[in-house]
Visitor: 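Questions regarding the structure given below will be posed in turn.
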Amino acid sequence: MHCRSLCYVRTNALSVRRLNETTASADSAPLEDSLPSFDLPLITGWDFLPKTIQQSVLENNNKIEKLKAEKDGSLAWQEIQKYSQMLRDGNVNWEDIPPEDLDIRLKWAGFFHRRKRVPGTFMVRLRLPNGIIWGYQLKALCSFLRRYDLQNTCFDITTRQNLQLRGIRLEDAGIFLEELTRLGIGCFQSGMDNVRNIVGSPLAGIDPYELYDTRSICFALDEMISNGGKGKPDFANLPRKFNIAVGSYSVDTVHGHINDLAFLPIAKDDSSGSLLFEILIGGLLSPKRNETSLRLNLWVPESSILAVTRVVLEIYRDFGFRNSRATSRFIYLIESWGLERIKAEIVRRLEEKDVVWLEPLKNSIADNSAPVIGSEIFGIHLQRQKDKFFLSCHVPVGRLNVQEAEVLADIASNYSCGEIRLTVDQNFILPNIVRTKIESVLQEPLLRERFTHRPRPLSKGLVSCTGSQFCGLALIETKNRSLELCKILEETLDFPDGQTVRIHWTGCPNSCGQAQVADIGLMGAPAKQDGKLVEGVDIYLGGTLGVNSTLGTLYRKGIPCDFKYLLPIMIELLQTHFGARLKEDM
Ligand code: SF4
């Protein structure tokens, strides 16, 4: 085994540079001789930046921007293959890989090294536009994970209706990527300064009341931005991450209001009869700042959505701020320019390309009194298609082990033509179940005992981010703790019929668990207990979804996670705000 740090990197100047070479033996062959050869792209994300931006990036002190300038993240799409093969050949250990590649750049390929919690293993985040995955795909992913100790693997459904796989080793990345290609799934551009998974309605095409089927546009957006998760450099070097959602109603059921860009169908164009979408921009949840999106006051038909998205991304890529990670999300550019200037620039670019856009039509606002189905609906329901039903099931905090995922894949194959829809609430929906199979699908042990369609009032609204079990940024453990607290509260309290309380846990202010959109949000924070620093939470209250959605506001700060402190506060909140009552025998 050669023991050396990897010392040759490809740079943005398309040259090979020698950095910090250290070798264990003086007579060992130069490392470049042993590098497998892979075709590198001629164009990287860096090459799409205007020269002025490239220059200013080189001059500023943003560590991540400098790292991207030295070697663009999109090069990880090839280098991950190289590292994988070198590890397989036994030429290096993962510890020999430069940390800026291992811990940061590989995220451009969807591989997240878990250095702090499970060093040497990776979480892989897929791209699943509109949250759709098929039984055969899930089954194949399970087969792949079976090469590892299953104790160290699992699947997590995310709040962007996406899937994360845990426990993958870098030496297997090449085989894994081949398998993904065979399955028609991508994972490139799922992390760092990229457009994240495109969110659409999980009931698209089957919802009896929807105004719009979001599936085609979500896939088209994913194709335009990431080449279906296989990587496309045009938008692979943004100032920061960027979230996009497309809704099926004028009412926001896809959390469009916390996305950087969202399209919601709002009215019909009287002359053409085509559906028009309103555009929301600038929503975000972040450690420094949380905002609901702003109306751009510009409507477009479906045929203009791709062009609008491209134009918005070009503006953000070319003018977004890159000096500080804390102030580089899209909202900061919007504020600096002002909404009118952003709109004028978007319109100017659309007109250059002859793209159709409209000022909002007066007297043409959609009627919000029409029925709306949110993704939090559970149970079996009639679809828009005659005699077809969808079954909405609850996944406790979005986590499935490999055995459960295998059984779910089989259930999907047997009952829903293989299709599985993931939701932003970390649950799943099985569509297209025929009437004659309803009884038998409801009797499936996995769906009776584990992923029930009749969750209890708190369980059904429970969402949790990864937390400290796997995430190096976490301030607290979330998934197990949230389940335990939920169980105690459900054993302690009765709720009015039909009551749902959405409780979201998030392990740190990055808010992947979206604490601010919940009825009650719990965000990891330092707390003091008996004079000592302990794991704690800040509590948010009053986040709403749908019409006039709002973010929750801070209610209590620094409450220790110890249930001695947290439980009474939660009981009181549930009693005073959500009609809960102590069970009679308590
Ligand atoms: S919110 Fe924080 S702790 Fe939770 S997954 Fe995101 S980064 Fe990790």
Side-chain angles (χ1 to χ4, degrees), residues 64 103-104 106-107 110-119 121-126 154-168 187 190-194 196-197 199 240-243 255 258-260 283-291 325-326 328-329 395-400 422 424-426 462-483 485-486 502-518 520-527 534-540 543 551-552 554 557-559 561:
I64 298 291
D103 297 340
I104 299 174
L106 288 186
K107 291 179 183 171
F111 277 65
F112 294 67
H113 184 217
R114 305 290 81 181
R115 179 181 289 278
K116 198 162 168 190
R117 310 290 179 200
V118 261
T121 73
F122 287 75
M123 176 272 279
V124 177
R125 184 183 294 151
L126 306 178
C154 65
F155 294 89
D156 281 330
I157 304 172
T158 76
T159 50
R160 293 201 67 75
Q161 60 182 185
N162 200 357
L163 210 53
Q164 297 181 161
L165 287 68
R166 299 195 180 279
I168 294 179
C187 65
S190 57
M192 291 304 286
D193 302 341
N194 286 291
R196 304 303 178 82
N197 198 42
V199 168
R240 205 71 157 82
K241 72 172 173 181
F242 195 94
N243 292 328
H255 296 192
I258 51 169
N259 280 252
D260 297 275
L284 87 163
L285 300 181
S286 75
K288 290 270 178 240
R289 187 168 177 190
N290 305 295
E291 298 287 348
R325 300 288 285 173
S328 49
R329 290 288 295 269
V395 181
V397 291
R399 178 157 291 172
L400 305 87
L422 308 179
V424 292
D425 308 302
Q426 303 180 310
L462 187 64
V463 165
S464 169
C465 82
T466 304
S468 64
Q469 188 182 1
F470 293 111
C471 178
L473 297 174
L475 301 174
I476 61 168
E477 200 286 318
T478 51
K479 285 211 188 261
N480 295 321
R481 183 177 271 142
S482 65
L483 286 170
L485 182 66
C486 182
R502 295 175 305 106
I503 300 178
H504 287 209
W505 284 71
T506 200
C508 77
N510 281 303
S511 208
C512 304
Q514 302 176 339
Q516 298 89 340
V517 304
I520 303 174
L522 300 138
M523 179 183 290
V534 293
E535 291 196 354
V537 286
D538 292 344
I539 301 178
Y540 288 79
L551 297 183
L554 188 61
K557 213 170 158 43
I559 307 298
C561 286

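Whatever order the structure lists ligands and atoms in, that order sets their numbers, starting from 1.
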Visitor: So, for F470 and C154, which heavy atoms are closest and what is the spacing to 0.1 Å?
Guide: CE1-SG, 4.4 Å

Visitor: Determine the sole option in I520, V397, L462 for which the side-chain contact (heavy atoms from CB on, under 4.5 Å) test with W505 is passed.
Guide: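 Exactly one option meets the side-chain contact (heavy atoms from CB on, under 4.5 Å) with W505, and it is L462.
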
Visitor: Side chains of N259 and R160: donor-acceptor distance under 3.5 Å anywhere?
Guide: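 Note: N259 and R160 side chains meet the donor-acceptor criterion.
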
Visitor: What is the nearest protein non-hydrogen atom to atom 2 (Fe) of ligand 1, stated with its residue, atom name and distance?
Guide: C508 SG, 2.3 Å

Visitor: Does any N, O or S atom of C471, backbone or side chain, fall under 2.8 Å from atom 8 (Fe) of ligand 1?
Guide: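 Coordinating: yes.
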
Visitor: Could you tell me, atom by atom, which parts of ligand 1 come under 4.0 Å of a heavy atom of L473?
Guide: 7 (S)

Visitor: What I want to check is whether the side chains of T466 and R166 have a donor and an acceptor closer together than 3.5 Å.
Guide: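 Short answer, yes.
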
Visitor: Number the atoms of ligand 1 from 1 as they appear, then name those within less than 4.0 Å of a heavy atom of S511, with their elements.
Guide: 1 (S)

Visitor: Out of Q164, Q426, R399, which residue meets the side-chain hydrogen bond (donor to acceptor under 3.5 Å, both in side chains) rule with D156?
Guide: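 Going through the options one by one, the only one that passes is R399.
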
Visitor: Which atoms of ligand 1 have any heavy atom of A474 under 4.0 Å away?
Guide: 3 (S)

Visitor: Just to confirm my output: which protein heavy-atom neighbour is closest to atom 4 (Fe) of ligand 1, and how far is it?
Guide: C465 SG, 2.3 Å

Visitor: In terms of atom number and element, which parts of ligand 1 are under 4.0 angstrom from non-hydrogen atoms of T506?
Guide: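 Those of ligand 1 that fall under 4.0 Å from T506 are 1 (S).
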
Visitor: Do me a favour and list the nearest non-hydrogen protein atom to atom 6 (Fe) of ligand 1 with residue, atom name and distance?
Guide: C512 SG, 2.3 Å

Visitor: Looking at CG of L485 and CG of N480, how far apart are the two atoms once the value is rounded to the nearest 0.5 Å?
Guide: 12.5 Å

